[in-house]
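Here the structure comes first, spelled out in structure tokens, and everything after it is commentary.
The structure displayed is predicted, hence computed values, not measured ones. Below, read A as the first sequence line, B as the second, and so on, with proteins coming before strands; counting in each chain starts at 1.
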Amino acid sequence: MNDSEISKPAHFIRTIIIEDRASGRFERRVHTRFPPEPNGYLHIGHAKSICLNFGLAREFGGRCNLRFDDTNPTKEAVEYVESIKEDVRWLGFDWDDRLYYASDYFERIYQCAVRLIEQGQAYVCDLSADQIREYRGTLTEPGRESPYRERSVADNLDLFQRMRAGEFPDGSRVLRAKIDMASPNLNLRDPVMYRILHAAHHRTGTAWRIYPMYDFTHGLCDSFEGITHSICTLEFEDHRPLYDWFLDQLELYHPLQIEFARLNLTYTVMSKRKLLRLVEKGLARSWDDPRMPTISGLRRRGYTPESIRNFCDRIGVAKSNATVDIALLEYSIREDLNRKAPRVMGVLNPLRVVIEDYPDDRVEWLEAVNNPEDPAAGTRQVPFSRVLYIEQDDFMEQPPKKFYRLAPGREVRLRYAYYITCREVVKDPATGAVIEVRCTHDPQTRGGSSADGRKVKATLHWVSAVHAVPAEIRLYGHLFSAADAGDATSDEQFEAALNPESLQVIPQALLEPGLAAAQPGQTFQFERLGYFCVDPDASDGHLVFNRTVTLRDAWAKIQKTGNAS
RNA sequence: UGGGGUGUCGCCAAGUGGUAAGGCACGGGUCUUUGGCACCCGCAUACGGAGGUUCGAAUCCUCCCACCCCAGCCA
């Protein structure tokens with residue numbers, strides 16, 4: 001991390017850690033962990049947790065483990081663990097040699113279960129899933145005790161061992177903690193600790209036929225690893241008493257669990273289940289579709305790790321359910337790319353411009369600044385010639401009052417080139433559409449400034465027709481049409497809320513020639529348009545750019561509010 | 001109706017009894033060879049509501065209201 005990171009604001013978890021260190025709690029250690037389940041790709045919400053856990057450890061000279069919560073083999077896969085490792089690393093964090101898997105502890109967890117059975121605090125229950133649900137009671141009524149609750153320790157031990165041996169079919173029995181079927185906290189009504197699953201695990205293969213539940217596993221793993229501050233999301237607040245109960249009965253070390261609110265963003269969705277659905281139904285091309293809020297999607301879109309870290313610092317950490325305006329994310333990437341991205345010129349929707357008084361056979365290479373924010377970025381040469389292309393949006397035959405780009409009779413500047421004046425408009429006789437603009441140039445304004453100090457109100461980007469390189473450009477909009485669409489509960493509502501214009505492809509934009517050699521992952525600012533990066537789909541003969549984000553656009557705002565005229 | 005949480009500007013978010021930080025968004029302006037960037041100014045007499053304690057309350061007390069989470073052999 002460097003000086004350009006924004007300053008870290010105070011938040012309640014940092015405050016707790018500072019107090020713990022002041023009081024000498026945990027021998028002043030700070031040891032956190034990021035515990036994803038490898039059942040999908042990481043998204044920007046996970047980035048918040050990653051920045052929090054790894055960031056706090058780094059800040060206080062502590063450690064942060066990467067631990068996969070892989071207790072459900074039916075949903076997990078190595079593809080996911082690989083992507084998660086890549087994403088965490090890409091975000092700029094390192095777990096050194098502390099890569100763990102809950103599955104590494106399966107034997108140890110099993111022994112903990114055996115001990116609880118021996119202590120008379122766990123039992124094998126033969127009730128079906130439906131029956132367990134019935135016996136659990138409701139939010140307002142206490143549950144009833146399972147008829148198998150008072151099995152002998154010997155019977156429980158035998159049955160549990162045979163569950164492990166694979167003697168029983170899936171769903172036929174579970175191991176349950178014997179706590180309190182009347183507890184107002186449903187998590188304490190004899191929760192399931194182990195279930196039978198004859199499924200191959202991505203790491204342990206077929207070694208196990210029983211798998212521990214998350215609630216039994218997670219707290220144990222944190223304890224085994226000596227985690228000091230176990231940071232998780234709000235929905236686990238109710239589970240804390242259960243984790244404490246397990247640890248107390250087993251006389252194990254207690255981490256301190258602290259809950260914070262997960263991130264929500266407008267115009268997108270942060271549920272792994274819903275993201276998986278988008279991928280499976282082909283509504284998104286893949287997990288790394290640039291429209292997805294996944295880390296891999298953002299990366300492909302052109303977001304930088306630093307911009308995401310800055311975003312996470314800016315949104316804060318608190319306990320109230322919050323939905324952050326996606327404009328803040330966009331602000332964070334603009335801020336970062338403004339400093340870093342080389343500027344280039346490219347025309348998305350070309351309008352042919354002929355400079356009538358410029359020789360047909362002449363080419364001038366003009367100097368252009370690579371990045372006005374960074375003098376060290378230097379300059380480059382761009383070719384100018386008689387036939388050019390400018391943006392269709394930069395010309396209007398009948399301009400409204402506040403439009404000060406090119407129009408009949410009007411003079412504007414071509415960036416780094418010349419002042420040109422529109423002399424004539426050529427239209428398609430069939431459609432009446434403007435297909436060409438005829439202009440003259442002022443030779444005294446070479447480079448883009450005039451000796452007489454004459455001002456022009458607009459500066460346009462442009463590209464020389466014969467030199468331009470074609471490129472496919474993919475423009476992205478929000479995933480959903482409405483800010484809160486991700487909340488949709490039914491799949492139908494959810495899909496209907498998708499923004500049909502989230503992807504717009506421009507098959508052949510025209511770019512300045514230097515871009516011909518651009519490589520996947522490289523980011524540029526297309527002047528006056530936005531930030532773009534080369535997509536991995538690009539090949540030797542075919543450039544493909546993703547628009548990361550547009551530039552702020554004051555003219556668009558004027559048009560939108562209807563104040564143009 | 002049980003339990004656990006949360007309510008401070010359009011969106012986040014500081015604040016922990018002493019008289020409402022900051023960011024984004026938004027509005028106005030300066031500058032400008034990007035209608036970008038940068039810079040300047042503005043933007044909560046007010047902290048879910050009602051009472052109360054206090055010289056003094058967003059901060060303490062009481063009651064009320066709203067929203068979120070929990071009835072997976074998911075995590």
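- With a 6.0 Å cutoff to the six-membered ring centre and a 45° limit on the axis angle, A:R176 does not count as a cation-pi contact of A:Y123.
- A distance of 10.0 Å separates CZ in A:F224 from CZ in A:R67, rounded to the nearest 0.5 Å.
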Response to the item:
The contact string for nucleotides 22-32 of chain B, one letter per nucleotide 5' to 3', using protein heavy atoms under 4.0 Å with B, S and - for base, sugar-phosphate only and none, comes out as -SSSSS-----
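- For the P atoms, the distance from B:rC60 to B:rC47 is 15 Å, rounded to whole Å.
- For a distance-only test at 3.5 Å, the side chain of A:D553 fails to qualify as a donor-acceptor partner of the base of B:rG35.
- Comparing atom distances between the A:A322 side chain and each of B:rU34, B:rC12, B:rC69 picks out B:rC12 as nearest.
- Classified by interplanar angle (parallel below 30°, tilted 30° to 60°, perpendicular above 60°), the ring pair A:H478/A:Y267 is parallel.
- With RNA chain B read from its 5' end, the first of the two nearest nucleotides for A:Q525 and A:T140 is the one closest to A:T140.
- Using N1 to N3 plus N6-O4 or O6-N4 for Watson-Crick, or N1-O2 and O6-N3 for G-U wobble, each under 3.5 Å, B:rC60 pairs with B:rG52.
- For A:S172 and A:F526, each mapped to the nucleotide of RNA chain B holding its nearest heavy atom, the one lying further toward the 5' end belongs to A:F526.
- Taking the side chain of A:A129 as heavy atoms from C-beta on, and the options B:rA71, B:rC73, B:rA14, the nearest nucleotide is B:rC73.
- Aromatic ring pairs are classed by plane angle as parallel below 30°, tilted from 30° to 60° and perpendicular above 60°; the pair A:F545 and A:F532 is perpendicular.
- Ring orientation note: the planes of A:F34 and A:H46 are nearly perpendicular, at an angle over 60° on the 30°/60° scale.
- Classified by interplanar angle (parallel below 30°, tilted 30° to 60°, perpendicular above 60°), the ring pair A:Y110/A:F160 is parallel.
- Of the candidates B:rG35, B:rC12, B:rA71, the closest approach to any side-chain atom of A:K402 belongs to B:rG35.
- The side chain of A:R405 places no N or O atom within less than 4.0 Å of a non-bridging phosphate oxygen (OP1 or OP2) of B:rG35.
- Nucleotide B:rG42 is matched to B:rC26 when pairs are restricted to Watson-Crick or G-U wobble geometry with both distances under 3.5 angstrom.
- For B:rG72, one of the phosphate oxygens OP1 or OP2 lies less than 4.0 angstrom from a side-chain nitrogen or oxygen of A:R136.
- Outside the 6.0 Å centre-distance limit, the rings of A:H218 and A:F236 are not counted as a close aromatic pair.
- Side-chain proximity of A:S320 to the nucleotides B:rG7, B:rA75, B:rG5 is greatest for B:rG7.
- Pairing for B:rC9 is absent, judged as Watson-Crick or G-U wobble with the two contacts each under 3.5 Å.
- Set against B:rA13, B:rA71, B:rG35, the side chain of A:Y404 has B:rG35 as its closest nucleotide.
- For B:rG5, the base has no donor-acceptor partner in the side chain of A:E235 [N/O atoms by modelled type, under 3.5 angstrom].
- When the side-chain nitrogen and oxygen atoms of A:R240 are compared with OP1 and OP2 of B:rG3, none of them lie within a distance under 4.0 Å.
- Under the Watson-Crick or G-U wobble criterion, with both distances below 3.5 Å, B:rA75 is left unpaired in every strand shown.
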